[in-house]
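Since the structure comes first, as structure tokens, the remarks are kept for the end.
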Amino acid sequence: MSKVVSNKTILPAGGGAFDLPNLSVGIFLNDQPSHRFAHGSKLSVHKPLSRNQGWILPAGSDGICEYDDELEFVMVNIDDGIAAEFGLGKAFEFDPIIGDIDPLLLNLSLTASTALGAGTLYRETMQRALAAQIVETIKPASEWHAGIEDARLRKVLDYIHDNLAEDLSLSGMADIAAMSATHFAKAFKKEVGSSPLQYVIAARLELASVLLKTSELTVAEVAWRVGYQDLSRFGQHFKRKYGATPAAFRAG
């Protein structure tokens, strides 16, 4: 028998068939080394999952989920109308994502799961933020690859967006592009329209703006999540771009 503790669901060992009419995101809160999964008519496969891993499943998904230990998880089902707003309606199909969850999507999912019993406006705001990030996760390169023909630069753009919290250096990005630092910097600015440093700063601040509006992370935690070790510098860059301090932006 399942039980719900706060926003968390606890299921006994075993598992079984599932049928999810809505687009859904689930996050495991404990390790499940024996987890087995089948989607639709496909054969069940051994798919170990650890805490903070989980799934993104399209609307209408069914299958089997089995595990040998008690399972703790949170799940958010996206309302059909909100999913449709972002092109993720029931007619939209994609391969299930099982395993690692994009860090921002993970944070949004955990936050959205706490809003299930909240007022309609807050719950729908969180679901919209989550749906927007699901789009980015399913089609991660669709926006920032636009107009970029050089496959080496597209590879670097993917790397930047996957590693915004890391120490991104010009030499490291040049190595990924298999270019000299000088050649890479010139090619990047010509294709993308800004220097690598300017692009990284803009991407970090954009992610920070989403986290400030959709999470309960402190300003310092947001700064760290987007790659800023210096809180003062983060505040200066943020105010320059958005015309307000991070705290004022969140409150506005």
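- Remark: Arg36 engages Asp68 in a salt bridge, criterion side-chain N to carboxylate O under 4.0 Å.
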key: Derivation of the side-chain hydrogen bond (donor to acceptor under 3.5 Å, both in side chains) call for Asp79 and Asn22   = CA-CA 7 Å; Asp79 292 349; Asn22 297 86; 5.5 Å; no
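- The CD1 atom of Ile101 sits 12.0 Å away from atom CG of Leu108, with the distance rounded to the nearest 0.5 Å.
- To the nearest 0.5 Å, atom CG of residue Leu23 and atom CD of residue Gln127 are 9.0 Å apart.
- Going from atom CD1 of Ile160 over to atom CZ of Arg204 covers 9.0 Å, rounded to the nearest 0.5 Å.
- Rounded to the nearest 0.5 Å, atoms CD (Glu70) and CG (Leu11) are 8.5 Å apart.
- Rounding to the nearest 0.5 Å gives a distance of 9.5 Å between NE2 of His237 and OG of Ser232.
- Between Arg225 and Glu221, none of the side-chain N atoms (NZ, or NE/NH1/NH2) sits under 4.0 Å from a carboxylate O, so this pair counts as no salt bridge.
- Residues Lys189 and Ser194 have side chains not in contact (no heavy-atom distance under 4.5 Å, counting atoms from C-beta outward).
- Of all the heavy atoms in Leu105 and Ile134, the pair that sits closest is CD1-CG1, 3.8 Å.
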Check: residues 242-251 side-chain donor-acceptor pairs under 3.5 Å, at least two apart:
unit_1	atom_1	unit_2	atom_2	d
Tyr242	OH	Ser209	OG	3.4
Thr245	OG1	Ala248	N	3.1
Arg250	NE	Leu212	O	2.8
Arg250	NH1	Leu217	O	2.8
Arg250	NH2	Leu212	O	3.4
Arg250	NH2	Ser215	O	3.1
Arg250	NH2	Leu217	O	2.7

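- No side-chain N or O of Glu72 forms a donor-acceptor pair with one of Asn30 less than 3.5 Å apart.
- Note on Ile201: it does not cluster hydrophobically with Trp224, by side-chain heavy-atom contacts below 4.5 Å among ILVMFWY residues.
- Aromatic ring orientation, Phe73 versus Trp55: tilted (interplanar angle from 30° to 60°).
- Remark: side-chain polar atoms of Arg154 are paired, donor with acceptor, to backbone N or O of Ile148 under 3.5 angstrom.
- Between Pro196 and Phe184, the closest side-chain pair of non-hydrogen atoms falls below 4.5 Å.
- Clustering ILVMFWY residues whenever any of their side-chain heavy atoms sit less than 4.5 angstrom apart, transitively, puts Val45 in a cluster other than the one holding Ile98.
- The heavy-atom pair separating Tyr67 from Gln32 by the smallest distance is CB-OE1, 3.3 Å.
- The minimum heavy-atom distance between Phe28 and Ser50, with the atom names listed, is CB-O, 4.0 Å.
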key: Trace of the side-chain contact (heavy atoms from CB on, under 4.5 Å) decision for Phe234 with Val222   = CA-CA 10 Å; Phe234 169 65; Val222 169; 4.2 Å; yes
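- Taking every heavy atom of both residues into account, Ile78 and Ala83 meet most closely at CG2-N, 3.8 Å.
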request  = Evaluate side-chain contact (heavy atoms from CB on, under 4.5 Å) for Ser113 paired with Met75, printing each intermediate quantity in order.
outcome  = CA-CA 6 Å; Ser113 71; Met75 182 168 68; over 6 Å; no
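- Between Lys8 and Val74, the shortest heavy-atom distance links the atoms CA-CG1, 4.0 Å.
- Contact annotation: the side chain of Glu66 never approaches that of His35 to less than 4.5 Å [non-hydrogen atoms, C-beta and beyond].
- A ring-centre distance under 6.0 Å is not found for His46 and Phe37.
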Test side-chain hydrogen bond (donor to acceptor under 3.5 Å, both in side chains) applied to Thr182 and Ser180, step by step = CA-CA 5 Å; Thr182 300; Ser180 70; 5.0 Å; no
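- A donor-acceptor pair is defined here as one N or O able to donate and one able to accept, closer than 3.5 Å; no such pair exists between the side chain of Gln133 and the backbone of Leu130.
- Put simply, the side chain of Asp31 gets close to the backbone of Arg51: a donor and an acceptor are under 3.5 Å apart.
- No donor-acceptor pair under 3.5 Å is formed between the side chain of Arg233 and the backbone N or O of Tyr228.
- Counting heavy atoms from C-beta on, the side chains of Leu168 and Tyr159 come closer than 4.5 Å.
- Hydrophobic clustering (side-chain heavy atoms under 4.5 Å, transitive across Ile, Leu, Val, Met, Phe, Trp, Tyr) keeps Ile64 apart from Leu49.
- Side-chain heavy atoms closer than 4.5 Å link hydrophobic residues (I, L, V, M, F, W, Y) into clusters, and following such links, possibly through other members, connects Val192 to Met179.
- A donor-acceptor pair is defined here as one N or O able to donate and one able to accept, closer than 3.5 Å; no such pair exists between the side chain of Glu191 and the backbone of Lys186.
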request  = Given side-chain contact (heavy atoms from CB on, under 4.5 Å), test Val226 with Leu211 step by step and report yes or no.
outcome  = CA-CA 9 Å; Val226 301; Leu211 290 174; 4.1 Å; yes
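- A ring-centre distance under 6.0 Å is found for His161 and Tyr199.
- No donor-acceptor pair under 3.5 Å is formed between the side chain of Ser61 and the backbone N or O of Leu57.
- Between the side chain of Asn163 and the backbone N or O of Glu166 there is no donor-acceptor pair closer than 3.5 Å.
- Distance OG/Ser24 to CD1/Ile56: 9.5 Å, rounded to 0.5 Å.
- Across Ala59 and Pro21, no two heavy atoms sit closer than the pair CB-O, 3.3 Å.
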task = Check the pair Leu170, Leu197 against side-chain contact (heavy atoms from CB on, under 4.5 Å), reporting the backbone distance first and the verdict last.
result = CA-CA 8 Å; Leu170 179 64; Leu197 176 60; over 6 Å; no
